[in-house]
**Q** 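Here it is: the structure, laid out below.
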Amino acid sequence: MLPEHAPFTIDQRRTLDSLLAGLTPVQQGWLSGFLAAGSAPAAVAAPPAAASKLTVLYGTESGNSESLADRTVKEAKKRGFQANMKNMADISTADLAKVSNLLVIVSTWGDGEPPETATTFFKEFISSQMVLSGTRYSVCALGDTSYEKFCQTGKDIDSHLEALGAQRILARQDCDIDYEEGYLSWLAGSLSALAPAAAAPIEAVSYVAPTIPSTEYGKKNPFPSEALATLILNGEGSAKETLHLELALASSGLHYEPGDALAVLPVNAPDTIKALLQAAKLTGNEKIEVKSVGTKLLADALREDFDITALSRAVLTKLAEAADSATLRELLGEDAKQRLKDYNDGREIVDAITDFAPKGLTAAALSGIFRKLPPRLYSIASSPLAHPDEVHLTVAAVRYQTHGRSRKGVCSTYLADLVKSGDQVPVFVQPNKNFRLPADGSTSIIMVGPGTGVAPFRAFVEHRAALGSPGKNWLFFGDQHYTYDFLYQLEWQEHLKNGALTRLDVAFSRDQPEKIYVQDRMLAHAQELYEWLEEGAHFYVCGDANRMAHDVNEALISIIENQAAISREAAEAYVEALKKSKRYQRDVY
Ligand SMILES: Cc1cc2nc3c(=O)[nH]c(=O)nc-3n(C[C@H](O)[C@H](O)[C@H](O)COP(=O)(O)OP(=O)(O)OC[C@H]3O[C@@H](n4cnc5c(N)ncnc54)[C@H](O)[C@@H]3O)c2cc1C
Ligand SMILES: NC(=O)c1ccc[n+]([C@@H]2O[C@H](COP(=O)([O-])OP(=O)(O)OC[C@H]3O[C@@H](n4cnc5c(N)ncnc54)[C@H](OP(=O)(O)O)[C@@H]3O)[C@@H](O)[C@H]2O)c1
Ligand SMILES: Cc1cc2nc3c(=O)[nH]c(=O)nc-3n(C[C@H](O)[C@H](O)[C@H](O)COP(=O)(O)O)c2cc1C
């Protein structure tokens with residue numbers, strides 16, 4: 001009766017199964033879900049008396065939470081719930097008052113912030129004082145352990161729901177990038193805890209992930225796409241290294257729309273693996289067990305399966321045990337948070353092994369500290385109409401000096417250094433419904449995309465040209481130098497000539513003593529930009545999230561404030577309304 005993934009020995013299973021057999025079907029389903037989840041709920045609520053309504057509330061930026069919300073609703077319906085899903089982008093806090101059964105799936109972005117489209121809801125919710133004592137809930141938080149504020153948004157929502165009096169029916173599940181297992185356990189546990197008594201007899205709670213035909217490519221089965229062409233977009237002498245990569249999608253069955261991202265599954269570089277093996281004092285010929293894969297040579301697993309670079313509290317916690325390091329345990333203490341942050345800054349796993357496991361590690365101990373190698377996302381830079389059966393990317397190679405050493409990004413340099421024409425690159429499409437061209441081709445668009453942020457706008461302009469959309473298209477592009485870094489210059493000039501691009505304003509930041517950025521160009525053309533907005537133009541931003549996206553947002557607010565001659569608050573409300581009506585969309589990272 002217990003689900004297969006419940007964490008018990010055979011003997012424990014037998015005992016628990018016989019206990020469960022004595023209960024009603026509802027009680028069985030309810031209890032076995034908790035057991036499967038492997039964690040006790042904070043407060044156990046009795047199953048409701050009638051077939052229950054269930055709201056699955058999600059907040060997403062790159063679509064993971066949305067697809068899990070969709071799966072949750074489907075599974076809940078199978079179990080007799082009247083389930084529906086709601087995007088945080090489309091709901092206000094007041095709507096929660098009517099919800100009696102609530103499952104929340106939400107990711108964290110930026111530096112511990114909510115996803116872009118959930119920001120308004122989140123702000124309103126976190127400051128709300130409403131009473132939710134009639135609401136039963138559980139939260140599944142998506143995140144990435146390599147970020148300091150792991151799953152922060154899920155944590156904030158979970159604790160605020162509790163503070164508002166809502167009843168937590170299952171402990172929050174915090175998921176790393178590889179979220180499937182955690183999600184399934186949470187799904188089973190929470191649906192059982194909420195199980196409607198009036199539903200048809202409930203089968204033992206075990207969620208079977210849909211089996212995917214071997215020919216169907218996607219996240220669980222990435223497509224080995226052939227690299228057709230690679231080209232460095234910067235001229236000789238540039239400080240940047242931006243790669244244009246063309247991949248084949250023919251016979252993959254994969255489809256994308258402009259605005260979507262492509263996920264790439266890299267392998268680790270030979271020199272990175274060598275340095276790690278040296279630090280751990282191993283050869284690479286040792287055999288190890290890789291979860292869901294089987295027995296492998298350590299060197300192969302380090303290349304293909306493990307994230308062997310990103311340092312995090314999670315990795316250091318496992319290393320402290322593996323190396324039995326008191327110094328590291330101290331660094332992980334509650335009172336050493338700032339010291340840990342400083343240590344992690346600019347360091348990788350190899351540094352931590354050198355520092356805290358000076359005698360080396362066994363192969364099993366080493367492999368035990370890693371998480372699965374996560375895929376990286378790249379905004380798609382091509383329109384499927386302009387390049388059928390192909391997908392193009394614009395990738396900035398990440399290379400930097402830190403603590404006196406040269407370091408490089410895993411995926412960007414895998415694409416730049418290791419992938420040659422004819423090689424196969426494992427990929428899947430990550431749809432992004434929050435970054436879409438206007439449905440009406442006659443609507444004007446304003447695109448702000450410095451550096452690699454220009455990628456989706458190449459797709460947008462190609463797509464509108466292929467469709468013959470009459471709407472006006474205005475691009476703000478920026479990079480360091482006109483001579484070396486004018487990405488896709490000839491294409492933009494061609495688009496300007498044939499009318500596919502209405503306006504192009506460029507900001508080359510390092511061609512003069514003072515910095516000039518895209519937002520300076522926006523401010524210089526404030527009147528026209530405001531007129532475009534007033535005529536209904538959609539406004540898009542792509543690229544750096546740390547500073548650029550914020551500064552462009554500030555420039556936009558200031559343009560509206562001055563042009564409309566309204567207060568700062570009114571201008572902020574104008575921008576908020578643009579976001580709400582999906583006329584202001586961002587793809588920032
Ligand atoms: C939706 C989305 C779309 C994206 N689109 C694009 C795109 O179109 N083009 C593109 O190039 N990228 C894009 N990215 C970023 C991309 O996914 C990767 O994050 C990027 O290529 C780096 O990955 P990597 O594996 O090379 O580096 P990683 O191995 O992941 O290393 C990156 C890490 O290195 C460290 N680091 C980097 N620079 C320094 C430094 N100077 N000093 C100290 N430490 C440093 C930081 O810890 C950083 O997190 C996008 C990301 C998202 C989420
Ligand atoms: N996670 C990663 O490791 C990773 C990997 C790739 C890209 N990224 C992000 O994606 C961004 C795009 O990378 P990229 O190399 O193509 O371009 P970029 O570094 O964003 O640079 C593009 C242009 O934007 C300018 N710029 C800098 N600060 C700005 C600001 N506050 N407002 C407006 N413009 C600003 C730059 O000027 P100056 O340089 O002269 O100041 C440059 O002219 C990066 O900044 C980075 O944040 C991250
Ligand atoms: C630019 C960027 C910033 C992120 N910031 C965080 C963070 O601060 N904390 C965290 O736990 N996860 C962070 N993540 C990881 C995401 O939460 C994770 O990828 C999640 O699966 C995304 O789910 P979504 O597609 O529903 O938005 C970040 C991811 C990216 C690409």
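It should be emphasised that the depicted structure is a prediction, and the values quoted were computed from it without experimental measurement. Read the numbers this way: they start at 1 and go in the same order the structure lists the ligands and their atoms.
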**Q** Gly63 heavy atoms, cut-off 4.0 Å: which ligand 3 atoms fall inside?
**A** 24 (P), 25 (O)
**Q** Of all the atoms in ligand 1, which lie at a distance below 4.0 Å from a heavy atom belonging to Val395?
**A**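 Close to Val395: 11 (O).
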**Q** At a 4.0 Å threshold, what atoms of ligand 1 neighbour a non-hydrogen atom of Asp587?
**A**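 Within the 4.0 Å cut-off of Asp587, ligand 1 contributes 1 (C).
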**Q** Work out whether the distance between some heavy atom of Gly110 and some atom of ligand 3 is less than 4.0 Å.
**A** yes
**Q** Provide, to 0.1 Å, the distance between atom 45 (O) of ligand 2 and the closest protein heavy atom, together with that atom's residue and name.
**A**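 I find the closest protein heavy atom is Asp544 CB, 3.4 Å.
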**Q** Do any nitrogen or oxygen atoms of Lys408 come within less than 3.5 Å of a nitrogen or oxygen of ligand 1?
**A**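 N/O-N/O distance below 3.5 Å does not exist for this pair.
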**Q** So if I count the atoms of ligand 3 from 1 in the order they appear, which ones are less than 4.0 Å from some heavy atom of Ile177?
**A** 19 (O)
**Q** Students should be able to answer this: which protein heavy-atom is nearest to atom 26 (O) of ligand 1, and at what distance?
**A**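 Protein heavy atom at minimum distance: Ser412 OG, 2.5 Å.
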**Q** Looking at ligand 1, does Thr402 have a heavy atom less than 4.0 Å from it?
**A** no
**Q** Identify the closest protein heavy atom to atom 6 (C) of ligand 2: which residue and atom is it, and at what distance?
**A** Val398 CG2, 4.0 Å
**Q** For the 3.5 Å polar cut-off, considering only N or O atoms, please tell me whether Glu66 and ligand 3 meet it.
**A** no
**Q** Please determine which of Cys411, Ser412, Pro374, Pro426 meets the side-chain contact (heavy atoms from CB on, under 4.5 Å) test together with Pro266.
**A** Cys411
**Q** Give the residue and atom name of whichever protein heavy atom lies nearest to atom 7 (C) of ligand 2, and the separation in Å to one decimal.
**A** Tyr589 CE1, 4.2 Å
**Q** Pairs of nitrogen or oxygen atoms closer than 3.5 Å, one from Leu377 and one from ligand 1: do any exist?
**A** yes
**Q** Just which atoms of ligand 3 are under 4.0 Å from any heavy atom in Cys151?
**A**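 Counting atoms of ligand 3 from 1, those under 4.0 Å from Cys151 are 10 (C), 11 (O).
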**Q** Would one find an N or O of Ala455, backbone or side chain, under 3.5 Å from an N or O of ligand 1?
**A** no
**Q** Within a radius of less than 6.0 Å around CD of Glu236, do more than 12 heavy atoms belonging to other residues, nucleotides or ligands occur?
**A**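 No, because the 6.0 Å sphere around CD of Glu236 holds 12 heavy atoms or fewer from other groups.
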**Q** Among all protein heavy atoms in this structure, tell me which lies nearest to atom 39 (O) of ligand 2, with the distance rounded to 0.1 Å.
**A**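 In this structure, atom 39 (O) of ligand 2 has Arg510 NH2, 2.8 Å as its nearest protein heavy atom.
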**Q** Show me which atoms of ligand 2 lie under 4.0 Å from any heavy atom of Gly451.
**A** 16 (O), 17 (O), 22 (C)
**Q** Looking at Leu249, Leu247, Val429, which hits side-chain contact (heavy atoms from CB on, under 4.5 Å) with Phe223?
**A** Leu249
**Q** Could you establish whether Lys149 and ligand 3 come within less than 4.0 Å of each other, counting only heavy atoms on the residue side?
**A** yes
**Q** Quick one: does atom 27 (C) of ligand 2 have a protein heavy atom under 4.0 Å from it?
**A** yes
**Q** If you measure from each heavy atom of Thr242 to ligand 2, is any distance below 4.0 Å?
**A**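 No, Thr242 has no heavy atoms under 4.0 Å from ligand 2.
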**Q** Name the closest protein heavy atom to atom 25 (C) of ligand 2, giving the residue it belongs to and the distance to 0.1 Å.
**A**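 Result: Tyr517 CE2, 3.5 Å.
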**Q** Looking at Val425, Val427, Leu265, Leu254, which hits side-chain contact (heavy atoms from CB on, under 4.5 Å) with Pro222?
**A** Leu265
**Q** Counting from 1, what ligand 2 atoms have a heavy atom of Gln519 closer than 4.0 Å?
**A**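 Atoms satisfying the 4.0 Å criterion: 30 (C), 32 (N), 33 (C).
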**Q** For Arg172, look at atom CZ and say whether over 12 heavy atoms of other residues, nucleotides or ligands are found less than 6.0 Å away.
**A**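 Counting other residues, nucleotides and ligands, CZ of Arg172 exceeds 12 neighbours.
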**Q** Both conditions, 6.0 Å and 45 degrees, for the charged tip of Arg458 above the ring of Tyr488: are they met here?
**A** yes
**Q** I need the contact type for Ser62 against ligand 3. Using non-hydrogen atoms and a strict under-4.0 Å cut-off, is it side chain, backbone, both or neither?
**A**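 Both backbone and side chain.
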**Q** Under 4.0 Å from atom 1 (N) of ligand 2, is there any protein heavy atom?
**A** no
**Q** Within a distance under 4.0 Å of any heavy atom of Gln480, pick out the atoms of ligand 2 and give their elements.
**A**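 Selected atoms, number and element: 39 (O), 43 (O).
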**Q** Could you tell me, atom by atom, which parts of ligand 2 come under 4.0 Å of a heavy atom of Ser509?
**A**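 The list of qualifying atoms is 36 (C), 37 (O), 38 (P), 40 (O), 42 (C), 43 (O).
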**Q** Write out the residue and atom name of the closest protein heavy atom to atom 24 (O) of ligand 2, then the distance separating them to 0.1 Å.
**A**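 It is Pro450 CB, 3.8 Å.
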**Q** How far is atom 29 (O) of ligand 1 from the closest protein heavy atom, and which atom is that?
**A** Val410 N, 2.8 Å
**Q** Give me the residue, atom name and distance of the protein heavy atom closest to atom 14 (N) of ligand 3.
**A**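 The answer is Thr108 O, 3.2 Å.
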**Q** Do other residues, nucleotides or ligands put more than 12 heavy atoms under 6.0 Å from the NZ atom of Lys580?
**A**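 Check passes, neighbour count above 12.
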**Q** Counting N and O atoms only, with roles assigned by atom type, does the side chain of Tyr183 sit under 3.5 Å from a partner on the main chain of Leu68, one being a donor and the other an acceptor?
**A**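 At least one qualifying donor-acceptor pair exists.
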**Q** Once you restrict to heavy atoms under 4.0 Å, what part of Val106 touches ligand 3? Side chain, backbone, both or neither.
**A**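 Neither part.
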**Q** Identify the closest protein heavy atom to atom 20 (C) of ligand 1: which residue and atom is it, and at what distance?
**A** Tyr378 OH, 3.8 Å
**Q** Going by the atom numbers of ligand 3, which of them fall below 4.0 Å from some non-hydrogen atom of Thr60?
**A**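 It comes down to these atoms of ligand 3: 24 (P), 25 (O), 26 (O), 27 (O).
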**Q** What atoms of ligand 1 come closer than 4.0 angstrom to any heavy atom of Val398?
**A**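 By the 4.0 Å cutoff, the relevant atoms are 22 (C), 37 (C), 38 (N).
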**Q** Only heavy atoms count here, so choose which of Tyr414, Tyr400, Phe435, Tyr589 is nearest to atom 37 (C) of ligand 1.
**A**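 Checking each option, the heavy atom nearest atom 37 (C) of ligand 1 is found in Tyr400.
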**Q** Could you tell me whether a side-chain N or O of Thr119 sits under 3.5 Å from a main-chain N or O of Glu116, the two making a donor and an acceptor?
**A**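 Such a contact is found between Thr119 side chain and Glu116 backbone.
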**Q** Regarding Tyr137 and Asp158, is there a side-chain donor-to-acceptor distance under 3.5 Å anywhere?
**A** yes
**Q** Heavy-atom pairs closer than 4.0 Å: do any link ligand 3 to the side chain of Phe150, the backbone, both, or neither?
**A**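 Phe150 to ligand 3: contacts from backbone and side chain alike.
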**Q** Need the ligand 2 atom indices (1-based, order shown) with element for anything under 4.0 Å from a heavy-atom of Lys240.
**A**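 Near Lys240, the atoms of ligand 2 are 14 (P), 15 (O), 17 (O), 18 (P), 19 (O), 21 (O).
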**Q** Applying a heavy-atom cut-off of 4.0 Å, say which part of Ala261 lies close to ligand 1: side chain, backbone, both or neither.
**A**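 For Ala261, there is no contact with ligand 1 at all, from either part.
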**Q** If you measure from atom 27 (O) of ligand 1 to every heavy atom of Pro266, Ser379, Pro456, Gly409, which option wins on shortest distance?
**A**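 The residue whose heavy atom sits nearest atom 27 (O) of ligand 1 is Gly409.
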**Q** Below the 3.5 angstrom mark, is there an N/O of Ser107, backbone or side chain, next to an N/O of ligand 3?
**A**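 In this structure, Ser107 places an N or O atom under 3.5 Å from an N or O of ligand 3.
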**Q** For atom 28 (P) of ligand 1, what is the closest protein heavy atom, and at what distance to 0.1 Å?
**A** Arg376 NH2, 3.6 Å
**Q** So which heavy atom in the protein is nearest atom 13 (O) of ligand 2, and how far is it from that ligand atom?
**A**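 Going by distance alone, atom 13 (O) of ligand 2 is nearest to Thr452 OG1, 3.6 Å.
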**Q** Could you check atom 31 (N) of ligand 2 against the protein and tell me its nearest heavy-atom contact, residue, atom and distance included?
**A** Asp551 OD2, 2.8 Å
**Q** Given that the side chain starts at C-beta and the backbone is N, CA, C, O, which of these parts of Thr394 lies under 4.0 Å from ligand 1, counting heavy atoms, or is it both or neither?
**A** backbone
